[in-house]
Amino acid sequence: MTLTEQEIISKCQQGETKYYEQLVNKYKKSAYFYALGMVGSAEDALDLSQEAFIRAYRSIKRFKLQYQFKNWFFRILTNLCISHLRKRRRRAEVSTEDSKGATIPIPDDHFNPHLLLERKEIMRQLWKALSELGDKQREIILLRDFQGLSYKQISEILEIPLGTVMSRLHQARSRLRVKMADFM
Amino acid sequence: MGCEEFEVLLNGYIDGELKDPDLKRVEEHLAGCPHCRKLVRDYRRLKEVTTEMRFKEPPQDIWNSYWQRIFHRITRGAGWVFFLVGVVAVAGFAIYEFATDPAVEALQKLIVFAIFVGLGLLLISVIWERVKASKTDKYKEIER
Ligand SMILES: [Zn+2]
């Protein structure tokens, strides 16, 4: 028996946890790979994507059936990733200063090219360029080009107007274009 | 309208997200503007590369145990709720029995009550801290 997504969600809302597995299986890969693109670490991506599924489940009663689960779930996931990045940056700021206040460079293993399936020069450069973008710029590139979502979906996930989707995408891509100039 | 103002629309154009009248305006502008045609080519090329990017698959066990890990944490949460409800019920019952026991002196009752009230307040403050922490920690804090 195959249930529609809405039927699955209303089962979950009635407390039937086992049905949630179908939703998790449907979105786990895109959740994991999206988080990986956002935070650049396989371990963190696994934790964050699972945490997002847990948080979504805990507030599933508040989910309104006229929305898309995927958009709602990605909103939770993307916000988790952004706050994770902020915390990581704050930690790095604290740990990079020695007692005299001088900055010590710390080895940063995030956004390692080994995470890439194909390590052609152009992909390495893209991965590096993406890591250097602002979080919100990387986020929108990943949602659009990596996840293949429409502007409408992105505007629902990020809760921004369609016009802002287009202008933010434009900012992100023009920065990427500069960073990728050698390959264009 | 100069090229700069078209640039934002060009992204909508290569994504196939433009509708008339914007689409028509962009097409007309492109027909007469080699600079923007070059931009369109660049952005298309860039998009090809970003769309092609793939990450390595994690080991298969990760996918196999993915749901189990989530399931355990969801049900563990429910377990805690039941546990706490049970503890509170038992404690409430014990206090009631104790308070209504005529063999115990009023002073003793008062002392024991003070201890329980203190514990209760501590528990509430801990829970309150947790709630506050989870609120700031959660996706809600992110202003867009
Ligand atoms: Zn032009």
Side-chain angles (χ1 to χ4, degrees), chain A residues 17-18 20-21 24-25 28-29 32-33 36-37 42 45-46 49-51 53-55 57-58 75-80 82-83 86 114-118 122-123 126-127 130 136 141-142 144-146 148 150-152 158-160 162-163 165-167 169-171 173-174 176-177 180 183-184, chain B residues 4-19 22 26 38-59 61-78 81 134-144:
Chain A
T17 314
K18 62 175 194 289
Y20 195 49
E21 181 174 9
V24 170
N25 284 341
K28 63 185 179 187
K29 290 206 177 189
Y32 168 81
F33 286 120
L36 182 53
L46 183 64
S49 65
Q50 291 190 325
E51 181 65 27
F53 279 116
I54 289 161
R55 290 194 182 188
Y57 186 81
R58 287 190 180 144
R75 187 187 308 162
I76 296 172
L77 178 60
T78 200
N79 290 338
L80 270 177
I82 300 252
S83 66
R86 284 191 188 158
H114 289 286
L115 294 166
L116 294 170
L117 181 64
E118 232 189 315
I122 189 168
M123 286 301 164
L126 175 68
W127 188 216
L130 278 173
K136 291 189 175 182
I141 296 272
L142 291 172
R144 173 65 214 182
D145 294 338
F146 192 62
S150 69
Y151 285 14
K152 176 109 200 325
L158 302 182
E159 295 177 289
I160 52 176
L162 280 174
V165 173
M166 205 189 308
S167 60
L169 205 46
H170 166 66
Q171 289 164 7
R173 281 186 180 148
S174 46
L176 265 191
R177 192 171 71 96
M180 296 294 290
F183 296 92
M184 290 292 117
Chain B
E4 262 173 42
E5 286 162 279
F6 271 101
E7 269 196 42
V8 174
L9 289 176
L10 292 185
N11 278 280
Y13 176 74
I14 61 156
D15 285 329
E17 292 265 2
L18 281 196
K19 288 188 201 78
D22 287 337
V26 167
K38 163 90 168 67
L39 273 181
V40 166
R41 272 199 304 278
D42 280 6
Y43 282 130
R44 282 216 169 106
R45 169 96 184 98
L46 186 66
K47 199 179 145 156
E48 263 172 40
V49 184
T50 44
T51 321
E52 249 178 56
M53 188 179 73
R54 290 284 174 278
F55 296 116
K56 257 190 229 157
E57 278 277 335
D61 324 348
I62 298 271
W63 296 136
N64 296 343
S65 61
Y66 197 94
W67 162 246
Q68 279 307 319
R69 285 179 57 177
I70 290 170
F71 182 74
H72 286 319
R73 283 195 45 200
I74 291 173
T75 45
R76 201 190 303 149
V81 170
S134 74
K135 258 184 197 154
T136 44
D137 185 40
K138 254 180 203 166
Y139 39 97
K140 282 166 200 149
E141 74 152 333
I142 286 108
E143 63 301 326
R144 294 211 170 261

### Task
Among A/Ala45, A/Gly163, A/Ser49, A/Ala42, single out the residue with the greatest number of heavy-atom pairs under 4.5 Å to chain B.
A/Ser49
### Message
Quick check for you: to the nearest 0.5 Å, what is the distance between A/Tyr57 atom OH and B/Phe71 atom CZ?
### Response
8.5 Å
### Query
Are any of the side-chain heavy atoms of A/Ile141 and B/Met53 separated by less than 4.5 Å?
no
### Message
Using 30° and 60° as the class boundaries, would you call the ring planes of A/Phe146 and B/Phe55 parallel, tilted or perpendicular?
### Response
perpendicular
### Message
For A/Thr17 versus B/Trp67, what's the shortest heavy-atom pair and its separation?
### Response
O-CH2, 3.6 Å
### Query
Heavy-atom distance under 4.5 Å to chain A: side chain of B/Leu10, backbone, both or neither?
neither
### Message
Counting heavy-atom pairs under 4.5 Å with chain B, which one of A/Ile122, A/Leu142, A/Leu115, A/Leu162 comes out on top?
### Response
A/Leu115
### Query
Step by step, would you call A/Arg177 with B/Leu39 a side chain to side chain contact (heavy atoms under 4.5 Å, CB included)?
CA-CA 10 Å; A/Arg177 192 171 71 96; B/Leu39 273 181; 3.3 Å; yes
### Message
Could you go through A/Arg173 and B/Ile14, starting from their C-alpha distance and side-chain angles, then the distance that decides it, and tell me whether this counts as side chain to side chain contact (heavy atoms under 4.5 Å, CB included)?
### Response
CA-CA 12 Å; A/Arg173 281 186 180 148; B/Ile14 61 156; 3.7 Å; yes
### Pick from A/Leu36, A/Asn25, A/Leu169 with the largest number of heavy-atom pairs that fall under 4.5 Å of chain B
A/Leu36
### Query
What distance separates A/Arg58 CZ from B/Ile74 CD1, expressed to the nearest 0.5 Å?
7.5 Å
### Task
Report, as yes or no, whether the 6.0 Å neighbourhood of atom NZ on A/Lys152 holds more than 12 heavy atoms from other residues, nucleotides or ligands.
no
### Task
Under 4.5 Å heavy-atom distance to chain A, tell me which part of B/Gln68 shows up: side chain, backbone, both or neither.
neither
### Task
Could you please spell out the steps behind the side chain to side chain contact (heavy atoms under 4.5 Å, CB included) verdict for B/Glu57 and A/Phe33?
CA-CA 9 Å; B/Glu57 278 277 335; A/Phe33 286 120; 3.7 Å; yes
#### Entry: Atom pair CD/CG of A/Gln171 and B/Asn11 - distance to nearest 0.5 Å
10.5 Å
### Task
Identify which part of A/Leu130 has an atom lying under 4.5 Å from any heavy atom of chain B, answering side chain, backbone, both or neither.
side chain
#### Entry: Which portion of A/Leu116 sits near chain B, non-hydrogen atoms under 4.5 angstrom
both
### Task
Under the side chain to side chain contact (heavy atoms under 4.5 Å, CB included) rule, what do B/Tyr66 and A/Leu46 come out as? Steps first, then yes or no, please.
CA-CA 9 Å; B/Tyr66 197 94; A/Leu46 183 64; 3.7 Å; yes
### Query
Should A/Glu51 and B/Arg73 count as an ion pair when the cut-off is N to O under 4.0 Å?
yes
### Message
If you define the side chain from C-beta out and look only at heavy atoms, does anything of A/Met166 sit under 4.5 Å from B/Asp15?
### Response
no
### Query
Would you say the side chain of B/Val49 lies within less than 4.5 Å of the side chain of A/Met123, judging by non-hydrogen atoms?
yes
### Message
Using a 3.5 Å distance criterion without hydrogens, assess whether the side chain of B/Lys56 forms a donor-acceptor pair with backbone atoms of A/His114.
### Response
yes
### Message
Counting C-beta onward and ignoring hydrogens, is there a side-chain heavy-atom pair between A/Lys29 and B/Trp63 closer than 4.5 Å?
### Response
yes
### Query
To the nearest 0.5 Å, how far apart are NZ in B/Lys47 and CG in A/Leu176?
13.5 Å
### Message
Taking side chain as everything from C-beta outward and backbone as N, CA, C, O, which of these in A/Tyr20 sits under 4.5 Å from a heavy atom of chain B? Side chain, backbone, both or neither.
### Response
both
### Query
Closest heavy-atom contact between A/Val24 and B/Ile70?
CG1-CD1, 3.8 Å
